[in-house]
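All residue numbers in this chain count up from 1 along the given sequence.
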Amino acid sequence: MWRVEFESKKAHDEVEAYIRKGVVNHDDRMVISAWIRQVTLSGPESVRGQKRWDDHELENEWRGYRSSCYSRRGRIIYRIVDEIVKVKIARITPDHNYRKDIKK
């Protein structure tokens, strides 16, 4: 079984702020939870090749990370750590924004 966790406190806090502001709504959270369940039970390879998740590798400053869709614009940006047991979510973005540095 895989573990899915946030890569940093900053990533966790960013998602919490999106939830408080309603940017990530209840339906989004349900889809994100389904993604986490699927990856936890079947591994990150289980979301690849599925149209539902549109999972793909990222490039440039996000090299080594992948992206899965949770809505038309929302993305789960993650990487696989230890290749066997851990998936780290680096970011959940509601607006298809792949910039690493977010100005608040």
- Check side chain to side chain donor-acceptor pair (under 3.5 Å) between W53 and all other residues, then give those that pass, not counting sequence neighbours. Q38, Q50
- Could you pull out all residues at least two apart from K51 that satisfy side chain to side chain donor-acceptor pair (under 3.5 Å)? none
Spatial distance of atom [atom1] ([X]) from atom [atom2] ([Y]) [nearest 0.5 Å]:
X	Y	atom1	atom2	value
S68	I36	OG	CD1	11.0 Å
D13	F6	CG	CZ	9.5 Å
M1	S42	CE	OG	9.5 Å
R91	S67	CZ	OG	10.5 Å

- Task: Would you please say whether a donor-acceptor pair under 3.5 Å links the side chains of E5 and Y78?
- Result: no
Residue pair [X] / [Y], side-chain heavy-atom distance below 4.5 Å:
X	Y	value
R66	P44	no
L58	I77	yes
R29	I19	yes
I89	V4	yes
N25	D28	yes
W2	L41	no

- Message: With a 3.5 Å distance limit and no angle check, can you tell me whether S46 reaches the backbone of G43 through a side-chain donor-acceptor pair?
- Response: yes
- Tell me, with the steps shown, if V24 and V15 meet side-chain contact (heavy atoms from CB on, under 4.5 Å). CA-CA 8 Å; V24 172; V15 172; 5.5 Å; no
- Note on the structure: When every non-hydrogen atom of A11 is compared with those of A90, the smallest separation belongs to CB-O, 3.1 Å
- Sequence neighbours excluded, the answer for ring-ring contact (aromatic ring centres under 6.0 Å, His included) partners of Y70 is none
